[in-house]
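Start at 1 and go down the list; that is how both ligands and their atoms are numbered.
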Amino acid sequence: MSQICRLPAGGRIDRRTRLHFTFNGKRYEGHAGDTLASALLANGVHVVARSWKYHRPRGIVASGVEEPNAVVQLETGARAVPNARATEVMLYDGLVANSVNAWPSVDFDLMAVAGFFARIMPAGFYYKTFMWPKSFWRRYEHYIRKGAGLGTAPAEPDPDRYDKMNAHCDVLVVGGGPAGLAAALAAGNAGARVILADEQNEFGGSLLSQRDIAAVAADPASDGSIGGASPMAWVTRAVARLAAMPEVRLLPRSTVFGYHDHNFLTIAERLTDHLPPAERKGPRERVWRVRAKEVVLATGAQERPLVFANNDRPGVMLASAVSAFMNRYGVQPGTRAVVFTNNDSAYRTALRLVTAGIEVAAVVDSRRAAHGDLPERVRKAGIEIIANAVVVDVRGTWRVAGVDVMTLDANGTAVTEPVTRIDCDLVAMSGGWSPVVHLHAQSGGKPQYDANKACFVPGASAQNEHSAGAAKGSFMLGDCLTEGEAAGSAAARRAGFTAAAPSFPPTVVDVVEEPLVPLWVVPSPKGIARAPKQFVDLQNDVAASDIELAAREGYQSIEHAKRYTAMGFGTEQGKLGNINGMAILAQVLGNDLPATGTTTFRPNYTPVTFGAIAGPDLGESFDPIRKTALHEWHIEHGAVFENVGQWKRPWYFPRKGEDLHAAVARECLATRNGVGIMDASTLGKIDIQGPDAVTLLNWVYTNAWDNLRIGRCRYGIMLDENGMVMDDGVTTRLGEDHFLMTTTTGGAARVMAWLERWLQTEWPELKVYLTSVTDHWATASVAGPGSRNVLADICEGIDFSADAFPFMSSREGLVAGVPARVMRISFSGERAYEVNVCANEGRHVWESLMEAGAKYDITPYGTETMHVLRAEKGFIIVGQDTDGSITPVDLGMNWIIAKDKDFLGRRSLLRTDTARANRKHLVGLLTDDPNAVLPEGGQIVGSGNGKERPPVPMLGHVTSSYFSANLKRSIALALVLDGRGRMGERVRVSMPNGSAVTAAIANTVFLDPGGARQNA
Ligand SMILES: Cc1cc2nc3c(=O)[nH]c(=O)nc-3n(C[C@H](O)[C@H](O)[C@H](O)COP(=O)(O)OP(=O)(O)OC[C@H]3O[C@@H](n4cnc5c(N)ncnc54)[C@H](O)[C@@H]3O)c2cc1C
């Protein structure tokens, strides 16, 4: 018979819609509105998993994201989802799920043998056991890795699509329970743009688990009431009001999974997971990247388990989950229950059990007495309350068969005989409530321990954030609504709106509750170490004894104890286990809980799929490919490309039969002896305008810019705060307040962000405006002795004579009929001109230059030739000859450091370590054998005589190395310890084959040291 544990009525499920699903190969039936967990329970499936370490049978414990056991492998093949929590998976027709951690099945798991050795496999077992023989580690590792983890990631590519959305709002409300709804209503009524996100499939929060409308209408006080009606009636009206507000966006099935600086939050919205695969259309998930002016955190609270022997047996559940399964899903989780609690809220569950027709054998309450309204109601319902008592053990392996109850002693720290055995198949436990404070913590807030409520509550807000309701430790419904409304109004006001009166004045009937008495671990007659496992973290099989052992072995910081025991790993992330674990550690160490502290809440507290994180940025879209305006021409002319940052740049242009070396040798010779042309469009270009442009340049470059005349160009070096070279390039003064800065190709975005960062954060008073114009211009660099002739042939309005157009100057005119900026600058050491035209005209101008240059045998060249030509001149490439640890002094460029002005990185240049004389210097290397080309990155291991005894001194490394066809020999640049003090000294450079090549330390400039060629 199917659905043998379905209650005859009630719940928020649609009983008319029957859905079929398969779990561990067996077919079951459920209803629309079920989760996989509720449908399994409705079918009487109580063992849903095996535990991770000891392979103990495990059942469903919770009803929401905090579920530690029912972690399943959902679907198969490419659509398989590992580690899905059955409590979060909405049932659909045809769903297929399987247990993890069990082989061959959950009912017969061979690895369950581990359970017999549980006592000798405590925390740290792996670290201690698999040490010897040392050489066996690789083998151990293979099997440990195989046994570790939960589900299996699909091996095939994900067929689904994922989306990303950027949004701004005035108020983001996280959590759609009563507090969140009240906050959203208040902010929405004030006219604010509101986003309300809740991870469940419908709004209402914990009210969804209260009794249904009809039941509550008969007895409103039992489950609270709002405005005289059931809380869910209020929820329905509130959601309808919000849906009608044009500025409010409702996001159900949406988990806020990260709270970052500047009120930037990320939300994972599940769009189609609740539908059968065949009906899924459009993206599967969408990640919202939200910048909110104000944030209201109304994330509720999670019930804490109690820590007692064998508390992991299937049938031991959180009291709130028992309520949820009965009231929300119409499921009968057991036939005879024991409620075990240290607070009043579980008494509601006892009453709900009775209403659902489930026998309650007793309420075991660890407090000395239970006299509140709710215990009184329970007594009236004829349920026995055993006060000052605890459940010390659970009978049954596959399902709870009964519990052993003992009385607490006068101190409440030990138990006394006799043992009372109570038969039952369900234990509803409640150890109190933990506000969900992880987003508050991620925002920079520090949760504080509230001894009265025995939980961590949010501390002072670090950003524009307000916590409300159970998330703030206010558990009464009336308080949740009042606080939510106040937080929503305050948020709207701070975002610039006038908050109106709430539209649903909430008159709430609450039942007064007696205070909770903390119970972190139930005393066992055998003591913690010898008691049957008292689990703290069910998912990671961490027991109270493991935490005690960790403390004994010196792991006294909670962060260390967590790592030693694995507490809070996996999808658990400390939701159920951590507070109990921290309290047990504190107890063992004799500390108080606040002193022990919390572990860090990192995103993602609730798992987010890799698909959602990657979004559409996959395959070709993973990293944009940038092509210059001349890209097609390069392809047509046989260019071989290389990636430089995101750009595709021609590396070399081989002719028939040529390899890289032959092509580069030809291109180098042609450029030095005739004329070459290179596509330089990828150089970063930043247009700088404003009256303070010179000040900005003075502060970001090491040299002075005040005296640069209009129409002149100057080379500059930029340092980071540590005084290390971060970029270089030539900047041209186009007008009094107008400059064009060029940056390295790969560094363009970084430099732009760097300048903006300083302007926006430290120097907002500067009147300077930056515009990235890299893509707007196509740039052809025409270099070589013949360059002037080529340019002069097709230019109008520019006098190219040496006097009229000297080196390091800029002119404007027409090139091939197109307005152009022509700069006479050179990275090759030759007479050279960079022709900049509007990108759309780039190809026309390039082809015109090729045509005009034909009679001078103009030769296109790529980045490799550019590298050789610049190395012949000793010109550096930032990122190749520097690595973030090199100063301009190391490069021998003291001439570029102004003495009489401030600039970024200046003070760092004076630090003892930066200023010491014997740092690594950039030098040239000339191999003894002119044909030997050193490997870039090759280590310089010692003097050239090869007689040092190991370990040989490591002097530095080769940064650039080429064969120069012009010089008919190899050349290299290298960073060498005290290099300038070793001029002429011979060193050895290791080769990949283990041999060494000897070379002499030389000047970095190998060709035309006087610069006659570029000035000609
Ligand atoms: C100790 C205790 C005593 C109580 N006593 C009473 C009582 O006397 N009377 C009474 O009527 N009720 C009582 N209640 C129940 C009370 O109704 C709830 O505490 C109340 O509903 C909490 O409201 P909330 O909006 O703060 O949180 P919840 O209703 O729990 O709502 C929180 C919502 O936030 C969502 N959420 C959490 N994290 C995220 C995230 N990262 N992204 C998106 N969504 C998220 C959750 O899905 C949930 O829907 C009690 C509860 C407790 C715990």
Note to self: Quick one, Glu294 with Arg494, criterion salt bridge (Lys or Arg N to Asp or Glu O under 4.0 Å). Give me CA distance, side-chain angles, the key distance, then yes/no.
What the structure shows: CA-CA 8 Å; Glu294 299 285 324; Arg494 283 181 49 164; 3.4 Å; yes
Check: For the side chain of Asp198 and the backbone of Gly175, is there at least one donor-acceptor N/O pair under 3.5 Å apart?
Finding: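 Looks like no, no N/O pair under 3.5 Å.
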Using a 4.0 Å heavy-atom cut-off, which part of [X] comes near ligand 1: side chain, backbone, both, or neither?
X      : value
Phe475 : both
Pro178 : both
Ala197 : backbone

Contact (N/O only, under 3.5 Å) between [X] and ligand 1:
X      : result
Val256 : yes
Ala470 : yes
Ser345 : no

Is the count of non-hydrogen atoms from other residues, nucleotides or ligands lying under 6.0 Å from [X] atom [atom1] greater than 12?
X      : atom1 : answer
Arg249 : CZ    : no
Arg602 : CZ    : no
Arg289 : CZ    : no
Lys575 : NZ    : yes

Which ligand 1 atoms are under 4.0 Å away from a heavy-atom of [X]?
X      : value
Leu207 : 17 (O), 21 (O)
Asp198 : 33 (C), 34 (O), 35 (C), 43 (C), 44 (N), 46 (C), 47 (O), 48 (C), 49 (O)
Ser254 : 42 (N), 43 (C)
Cys480 : 20 (C), 22 (C), 23 (O), 26 (O)
Glu513 : 3 (C), 4 (C), 5 (N), 6 (C), 8 (O)
Thr299 : 32 (C), 34 (O), 37 (C), 38 (N), 39 (C)
Leu477 : 10 (C), 11 (O), 12 (N), 17 (O)
Val174 : 40 (C), 42 (N), 43 (C)

Note to self: Under 4.0 Å, counting heavy atoms only: does Gln210 come that close to any atom of ligand 1?
What the structure shows: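 So Gln210 counts as touching ligand 1.
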Item checked: Residue-ligand contact Arg348/ligand 1, heavy atom below 4.0 Å ->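 The answer is yes, since Arg348 has a heavy atom less than 4.0 Å from ligand 1.
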Check: Name the one of Val171, Asn263, Asn464, Val290 that satisfies side chain to side chain contact (heavy atoms under 4.5 Å, CB included) with Val295?
Finding: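 In the set Val171, Asn263, Asn464, Val290, the residue that makes a side chain to side chain contact (heavy atoms under 4.5 Å, CB included) with Val295 is Asn263.
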Note to self: Given Trp288, which partner from the list Val256, Asn166, Leu251, Thr266 fulfils the side chain to side chain contact (heavy atoms under 4.5 Å, CB included) test?
What the structure shows: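 Among the candidates, only Leu251 passes.
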Check: When you check the gap from the basic side-chain N to the acidic O, do Glu202 and Arg12 get nearer than 4.0 Å?
Finding: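 Here Glu202 pairs with Arg12 in a salt bridge, since their nearest N and O are under 4.0 Å apart.
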Checklist line | Aromatic centroids of Phe264 and Tyr259 separated by under 6.0 Å | finding: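 Centroid distance Tyr259-Phe264: not below 6.0 Å, so no.
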